Amino acid sequence: MRTRALKTALNSFSSSFNLSRSIYSLPFATIEVEEISGSQPAEVRNLVQGSWTASSNWCTIVDPLNGEPFIKVADVDETGIKPFVESLSNCPKHGLHNPFKDQERYLLFGDISSRAAHMLSLPKVSNFFTRLIQRVAPKSYQQALGEVYVTQKFLENFCGDQVRFLARSFAVPGNHLGQQSHGFRWPYGSVAIVTPFNFPLEIPLLQLMGALYMGNKPILKVDSKVSIVMEQMIRLLHACGLPMEDVDFINSDGKTMNKLLLEANPRMTLFTGSSRVADKLAVDLKGRIKLEDAGFDWKILGPDVQEVDYVAWVCDQDAYACSGQKCSAQSIIFMHESWVTSSLISKMKELAERRKLEDLTIGPVLTCTTEVMLEHMNKVLQIPGSKLLFGGEALENHSIPQIYGAIKPTAVYVPLDEILKDKNYKLVTKEIFGPFQIVTDYKADQLPMVLDALERMHAHLTAAVVSNDFLFLQEVLGKSVNGTTYAGLRARTTGAPQNHWFGPAGDPRGAGIGTPEAIKLVWSCHREIIYDIGPLPRHWEIPPST
């Protein structure tokens, strides 16, 4: 079985990369990134039961930089979900592989990861995905390249034997000879993955591979605005040996996907996105869900002021890289009074003002219009003592369509005591998925007020405590809960590399990403098998009833 599967995969890989293509520069690709336009629109298809399929319905995606229709997506409506429902329903609860079944597949996925990592390390392939990300979710080249880099490193982490090590079991001696209990990591079987627009490659790919590593059969839905990135990545994985039937890929609206989930009844669904949708899905799916939802992410600057230039740069990156469209973006800064007299704010202002649309260090906001963001800012500015620190204006001289937002990097100061008032707290801590942040300050004896503000937040994704004062760190870390928290002078809120857990804490539905611990938590469950083979004690007799 192992030999046949590997031979098939290797033949697929070799034939794909020895193929002479006259149309596309990369053997797996069905597009040329730089040629996508209104006159040459790209097409995105669905994958179900091992076949790429079109649709009778096509939705049109407009270029976020100029409004030109440039991608056609084969859109599945509620009448077209039957093949996807059947595909998921055909997967047994014990999965496509597990510690007792088709163990060769653990090694197969180590090989697939090795080949895919190698492909992404090639400059031509890396540039292809970097530019494709930029086309659909505009961010600077360096930010988009970082997403490709993290994805490639993640795949490197799970080469060779590393996939089967995810299924490592343990044994505990029993009560008598022949009895042992064994704990195993067990797949769910059919699973679903729903991911957002802001990281079109990294989030869906890492979760998809985690699901596959553990033996599940996933259906993947990525926001249609950016799904072309994962469509091309799945084609690359096929060229690297991924069996065609192992993954289904669907493009649809939220209503259709919701219906599919209810009818197909996957054993587990991973959702990354808004808290509102997450809570609805948790009810609809009767709790069979893992969430990496919204984050109103905080940063606390401690009493020890040092390296102001560096801290200002990190603050700028945390708040405004990718135009603030990160679930880990810095939403609020609490500055110790010792920072108020420093040059921190003026330096942050200088850094924010050097961002420009030409290099996409600031760009379109895909889930919030300019009017909505500025309206929110104006409501915050009505709070007594509030003031605009910088930004607060729409971007000028651009062709970004009005369905998207475009504002300058913005920061608004709000006094701490006003933030904590019931009438203001909900407004101030509303997550704006764009280049907008709140700034406040606190005196040394007001740290309990800051900690109270943290306690009242409902989303606990990322955080940063910027201080090398160990006692201060101990106080804040001991009384906060965010799942990914950086601590120390170089602390940040953003950053989801492949080498550490990224995900929320404080919620039993919380999902992580990237690490072995995250994969095992999200994509497998615990199964205990107790071997009890004897022998019976000599002269055993039936005891009295109990």
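Residue indices begin at 1 and follow the sequence shown. Everything quoted here is computed from the prediction, not taken from an experiment.
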Novice: Should Val450 and Leu447 count as side-chain neighbours, where that means a heavy-atom distance under 4.5 Å?
Specialist: yes
Novice: With no hydrogens and no angle check, do the side chains of Gln498 and Lys153 hold a donor and an acceptor under 3.5 Å apart?
Specialist: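 Result is no, nothing qualifies.
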Novice: Between Ala491 and Ala487, what is the shortest heavy-atom contact and its length?
Specialist: CB-N, 3.8 Å
Novice: Using the rule side chain to side chain donor-acceptor pair (under 3.5 Å), only one of Lys286, Arg288, Lys280 pairs with Asp284; which is it?
Specialist: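 Filter result, single survivor: Lys280.
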Novice: Do Val44 and Phe249 come close enough that some side-chain heavy atom pair is under 4.5 Å?
Specialist: yes
Novice: Using the salt bridge (charged side-chain N to carboxylate O under 4.0 Å, His left out) rule, take Lys479 and Glu475 through it: C-alpha gap first, then chi angles, then the decisive distance, then the call.
Specialist: CA-CA 6 Å; Lys479 295 180 178 178; Glu475 177 76 5; 2.9 Å; yes
Novice: Would you say Asp469 and Ser467 are linked by a side-chain donor-acceptor pair, where the criterion is simply a distance under 3.5 Å?
Specialist: no
Novice: With no hydrogens and no angle check, is any side-chain donor or acceptor of Thr484 less than 3.5 Å from a backbone partner on Gly503?
Specialist: yes
Novice: Donor-acceptor pair, Thr485 side chain versus Ala463 backbone, under 3.5 Å?
Specialist: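 Checking the backbone N and O of Ala463 against the side chain of Thr485, no donor-acceptor pair under 3.5 Å is found.
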Novice: Nearest 0.5 angstrom please: Leu205 CG to Thr151 OG1, how far?
Specialist: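 Leu205 atom CG to Thr151 atom OG1 measures 5.5 Å (nearest 0.5 Å).
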Novice: Would you call Glu353 and Lys349 a salt bridge, using N to O less than 4.0 angstrom?
Specialist: yes
Novice: Do Asp253 and Thr256 pair up side chain to side chain, a donor and an acceptor below 3.5 Å, judged on atom types alone?
Specialist: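 Result is yes, a qualifying pair exists.
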Novice: Rounded at 0.5 Å granularity, tell me how far CG in Asn46 sits from NZ in Lys221.
Specialist: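 Between Asn46 CG and Lys221 NZ, I get 10.0 Å after rounding to 0.5 Å.
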Novice: Once the angle between the rings of Tyr442 and His336 is folded into 0 to 90°, is it parallel (under 30°), tilted (30 to 60°) or perpendicular (over 60°)?
Specialist: perpendicular
Novice: With a 3.5 Å distance limit and no angle check, can you tell me whether Ser227 reaches the backbone of Val222 through a side-chain donor-acceptor pair?
Specialist: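 No; zero donor-acceptor contacts below 3.5 Å.
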Novice: So, the side chain of Lys299 versus the backbone of Thr493: is there a donor-acceptor pair under 3.5 Å, distance only?
Specialist: no
Novice: Let me confirm one number: the OG1-CG distance from Thr272 to Asp223, rounded to the nearest 0.5 Å.
Specialist: 12.0 Å
Novice: Are Ile432 and Met377 close enough that some pair of their side-chain heavy atoms sits under 4.5 Å apart?
Specialist: no
Novice: To the nearest 0.5 Å, how far apart are SG in Cys315 and CD in Gln437?
Specialist: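 Nearest 0.5 Å value for the SG-CD distance: 7.0 Å.
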Novice: Distance check, rounded to the nearest 0.5 Å: Ile193 atom CD1 versus Leu270 atom CG?
Specialist: 6.0 Å
Novice: Only one of Ile300, Leu454, Ile419 forms a side chain to side chain contact (heavy atoms under 4.5 Å, CB included) with Ile332, so which one is it?
Specialist: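 Option passing the side chain to side chain contact (heavy atoms under 4.5 Å, CB included) with Ile332: Ile419.
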Novice: Could you give the distance from SG (Cys322) to CD1 (Ile362), rounded to the nearest 0.5 Å?
Specialist: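 Between Cys322 SG and Ile362 CD1, I get 10.0 Å after rounding to 0.5 Å.
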Novice: Give a yes or no on this: more than 12 heavy atoms of other residues, nucleotides or ligands lie within 6.0 Å of atom CD of Gln142.
Specialist: no
Novice: Is a side-chain donor or acceptor of Glu147 paired with a backbone partner of Leu201 at a separation under 3.5 angstrom?
Specialist: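 Yes, Glu147 side chain to Leu201 backbone: donor-acceptor pair under 3.5 Å.
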Novice: Looking at Gln325 and Pro364, would you say the former's side chain and the latter's main chain have a donor-acceptor pair under 3.5 Å?
Specialist: yes
Novice: Does the cation-pi check pass for Arg355 over Tyr320, that is, NZ or CZ under 6.0 Å from the six-membered ring centre and within 45° of its axis?
Specialist: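 No, Arg355 does not sit over the ring of Tyr320.
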Novice: For a side-chain contact (heavy atoms from CB on, under 4.5 Å) check, start with the C-alpha distance between Met348 and Ile333, then their side-chain angles and the critical distance, and finish with the verdict.
Specialist: CA-CA 12 Å; Met348 285 171 55; Ile333 303 177; 3.7 Å; yes
Novice: So, Asp441 versus Tyr413: side-chain donor-acceptor pair below 3.5 Å or not?
Specialist: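 A pair is found: one side chain offers a donor N or O, the other an acceptor, under 3.5 Å apart.
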Novice: Within a 6.0 Å radius of atom NE2 on His458, are there more than 12 heavy atoms belonging to other residues, nucleotides or ligands?
Specialist: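 Atom NE2 in His458 is not packed in, count stays at 12 or less.
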Novice: Could you tell me if the side chain of Leu451 sits less than 4.5 Å from the side chain of Glu455, heavy atoms only?
Specialist: no
Novice: Less than 3.5 Å apart, any donor N or O on the side chain of Gln143 or Lys326 sitting next to an acceptor on the other?
Specialist: yes
Novice: Taking the side chain from Asn482 and the backbone from Asp297, do they hold a donor-acceptor pair closer than 3.5 Å?
Specialist: no
Novice: Pair Glu418, Lys421 - check salt bridge (charged side-chain N to carboxylate O under 4.0 Å, His left out), show working.
Specialist: CA-CA 5 Å; Glu418 290 291 336; Lys421 291 180 179 178; 2.9 Å; yes
Novice: Do Pro218 and Leu220 make a side-chain contact, defined as non-hydrogen atoms from C-beta onward lying under 4.5 Å apart?
Specialist: no
Novice: Check for a donor-acceptor pair, side chain of Thr440 on one end and backbone N or O of Val414 on the other, with a separation under 3.5 Å.
Specialist: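 The answer is yes, because a donor-acceptor pair under 3.5 Å joins these two groups.
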Novice: Considering residues, nucleotides and ligands other than Glu34, do more than 12 of their heavy atoms fall under 6.0 Å from its CD?
Specialist: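 Check passes, neighbour count above 12.
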Novice: For Trp523 and Arg185, run side-chain contact (heavy atoms from CB on, under 4.5 Å): C-alpha distance rounded to whole Å, both residues' side-chain angles, the deciding distance at 0.1 Å, then the answer.
Specialist: CA-CA 9 Å; Trp523 295 117; Arg185 299 312 302 178; over 6 Å; no
Novice: So, are Arg509 and Asp507 salt-bridged, with charged N and O less than 4.0 Å apart?
Specialist: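 Result for this pair is yes, salt bridge flagged.
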Novice: Check the surroundings of atom CZ in Arg490: do more than 12 heavy atoms from other residues, nucleotides or ligands lie under 6.0 Å from it?
Specialist: no
Novice: Report yes or no: is the cationic atom of Lys225 (NZ for Lys, CZ for Arg) closer than 6.0 Å to the six-membered ring centre of Phe197, at no more than 45° off its axis?
Specialist: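 Yes; both conditions hold, so Lys225 lies above the ring face of Phe197.
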Novice: Nearest heavy-atom pair of Lys139 and Ala144: which atoms, and what distance?
Specialist: CD-N, 3.7 Å
Novice: Just wondering, do Met373 and Phe436 contact through their side chains at under 4.5 Å, heavy atoms?
Specialist: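 Phe436 does not reach Met373 side chain to side chain.
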Novice: Kindly determine whether Trp339 and Val311 satisfy side-chain contact (heavy atoms from CB on, under 4.5 Å), including the steps that lead there.
Specialist: CA-CA 11 Å; Trp339 283 89; Val311 173; 3.8 Å; yes
Novice: Is the backbone of Val365 close enough, under 3.5 Å, to the side chain of Ser323 for a donor and an acceptor to pair up by distance?
Specialist: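 No.
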Novice: For Met335 and Val340, run side-chain contact (heavy atoms from CB on, under 4.5 Å): C-alpha distance rounded to whole Å, both residues' side-chain angles, the deciding distance at 0.1 Å, then the answer.
Specialist: CA-CA 7 Å; Met335 297 189 300; Val340 175; 4.2 Å; yes
Novice: Compare all side-chain heavy atoms of Lys430 with those of Lys426 and state whether any distance is below 4.5 angstrom.
Specialist: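 Lys430 vs Lys426: side chains apart.
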Novice: Above 12 or not: heavy atoms from other molecules or residues under 6.0 Å from OH of Tyr149?
Specialist: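 For Tyr149, atom OH is not crowded (no more than 12 foreign heavy atoms under 6.0 Å).
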Novice: When you compare the side chain of Phe296 with that of Ser331, does any pair of heavy atoms fall below 4.5 Å?
Specialist: yes
Novice: So does Asn216 get a backbone contact from the side chain of Arg267, meaning a donor-acceptor N/O pair under 3.5 Å?
Specialist: no
